[in-house]
Amino acid sequence: MRETGSAAANGHEPSAVAEPLETTAEPTRRRRAAASPKAKFAAETRLGLVRRARRMYRTLTEAFPDAHCELDFTTPLELAVATILSAQCTDVRVNMTTPALFARYPDAKAYAEADRTELEEYIRPTGFYRNKASALIGLGQALLADHDGVLPHTLDELVRLPGIGRKTANVILGNAFDVPGITVDTHFARLVTRWRWTTETDPVKIEHAVGELIERKEWTMLSHRVIFHGRRVCHARKPACGACLLAKDCPSFGAGPTDPATAAALIKGPEAEHLLELVGR
Ligand code: SF4
């Protein structure tokens, strides 16, 4: 069982094992620096970063073995539509909206020929419905004009379609076509920055930087697992640091409550019990 139930157990406090007394100030300074989590991560080599990132990914795999795209879909086009609708909207709300939408608009032709007012009513609950309706009609028309009504499966072709940026394209590639892709959404960007996997802020640069740390074949599952961790444990405002199984490898430990009981109460989602078991609670 993992020992992460307290700050000390999380590896963020000096070892309790007695060390011999230093006779000069310099070794004492070095010893203090080594005991400080900030100094530990500041001095990290490239190899150390790669090893830490892969170790954290293995831990995330243990935490979220079944992480997946939380949007409901049965075809690549449905996934593209759901992803467009998910901008500034929760996946739960999108999933409540799409069954009726997919039944009414089963293919690219249906979107291309849609009555705008009717389409807007279907997608109104997802917000920004006028822009989203334009994107869906444009997507249908572009698919009919250039791709025989079928969604293409390369990044270059996808990002040329209305409403589909690089993030959406990577979601489609990874989840509908089994082509590994890293999805840099708000959760992903926040977490890899907290973990100091990269100092980049531009999503494309983050994607490339993280892609150099983690094997390509894992990119899609990495995206799901990081996003799951962001939604359930490492929240934007109050991350559950004291009950986080990544704590010993996280330079931002302490960004949220470190008291185990307080932190445990912050963990959300159906995996909460499993996650708390992993940290020994
Ligand atoms: S919850 Fe805290 S310890 Fe865990 S990954 Fe987020 S910032 Fe790091």
Side-chain angles (χ1 to χ4, degrees), residues 1-15 34-44 48-68 70 182-201 203 206-207 209-214 218-219 221-281:
M1 186 169 291
R2 206 175 285 271
E3 288 182 332
T4 50
S6 69
N10 284 333
H12 283 277
E13 287 185 359
S15 162
S36 150
K38 280 201 174 129
K40 174 177 129 188
F41 292 110
E44 189 170 54
L49 170 61
V50 172
R51 285 186 174 150
R52 181 168 63 86
R54 293 186 177 192
R55 192 164 59 238
M56 291 174 83
Y57 179 56
R58 285 196 296 276
T59 304
L60 285 173
T61 302
E62 194 184 352
F64 305 110
D66 305 319
H68 54 272
E70 295 189 273
I182 294 177
T183 306
V184 182
D185 74 350
T186 167
H187 298 289
F188 193 96
R190 181 179 73 251
L191 268 60
V192 296
T193 303
R194 279 181 175 169
W195 299 340
R196 294 203 202 153
W197 285 14
T198 178
T199 53
E200 302 288 358
T201 51
I206 291 175
E207 189 187 317
V210 173
E212 287 175 8
L213 297 175
I214 303 292
E218 299 295 334
W219 287 356
M221 286 309 293
L222 169 76
S223 306
H224 292 322
R225 288 175 175 139
V226 172
I227 292 168
F228 263 50
H229 191 67
R231 286 179 170 162
R232 288 148 175 79
V233 182
C234 191
H235 312 296
R237 293 220 175 103
K238 266 197 177 179
C241 295
C244 174
L245 73 173
L246 295 177
K248 75 176 167 49
D249 278 321
C250 178
S252 297
F253 175 81
T258 55
D259 170 64
T262 309
L266 295 171
I267 293 185
K268 293 182 186 163
E271 302 87 354
E273 201 175 319
H274 167 64
L275 295 173
L276 291 172
E277 267 175 26
L278 287 175
V279 294
R281 288 188 63 81

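Remember, it's 1-based here, ligands and their atoms both numbered in the order they're listed.
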Nearest-neighbour protein heavy atom for [atom], which is reported as residue plus atom name and distance:
atom	value
atom 6 (Fe) of ligand 1	Cys234 SG, 2.4 Å
atom 5 (S) of ligand 1	Trp195 NE1, 3.1 Å
atom 2 (Fe) of ligand 1	Cys241 SG, 2.3 Å

### Message
If you count heavy atoms of other groups shown closer than 6.0 angstrom to CZ of Arg54, is the number above 12?
### Response
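Count over threshold, so yes.
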
### Task
Under 4.0 Å from a heavy atom of Pro239: give me the atoms of ligand 1 that qualify, with their elements.
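With Pro239 as reference, the close atoms of ligand 1 come out as 1 (S).
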
### Query
Taking only heavy atoms of Ser252, which atoms of ligand 1 are found under 4.0 Å from at least one of them?
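Taking each heavy atom of Ser252 in turn, ligand 1 has 7 (S) under 4.0 Å.
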
### Message
Let me confirm one number: the CZ-CG distance from Phe228 to Leu60, rounded to the nearest 0.5 Å.
### Response
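Phe228 atom CZ to Leu60 atom CG measures 11.5 Å (nearest 0.5 Å).
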
### Task
Give the single entry among Ala255, Gly242, Cys244 that approaches atom 4 (Fe) of ligand 1 most closely by any heavy atom.
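Of the listed residues, Cys244 has the closest heavy atom.
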
Taking side chain as C-beta onward, heavy atoms only, is [X] less than 4.5 Å from [Y]?
X	Y	value
Trp197	Leu191	no
Arg194	Pro239	yes
Thr183	Phe188	no

#### Entry: Whether His229 and Trp195 hold their rings parallel, tilted or perpendicular, with breakpoints at 30° and 60°
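Aromatic pair His229/Trp195 classed tilted.
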
### Region of Cys250 that comes within reach of ligand 1 [heavy atoms, distance under 4.0 Å]
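Near ligand 1, Cys250 shows its side chain, while the N, CA, C and O stay back.
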
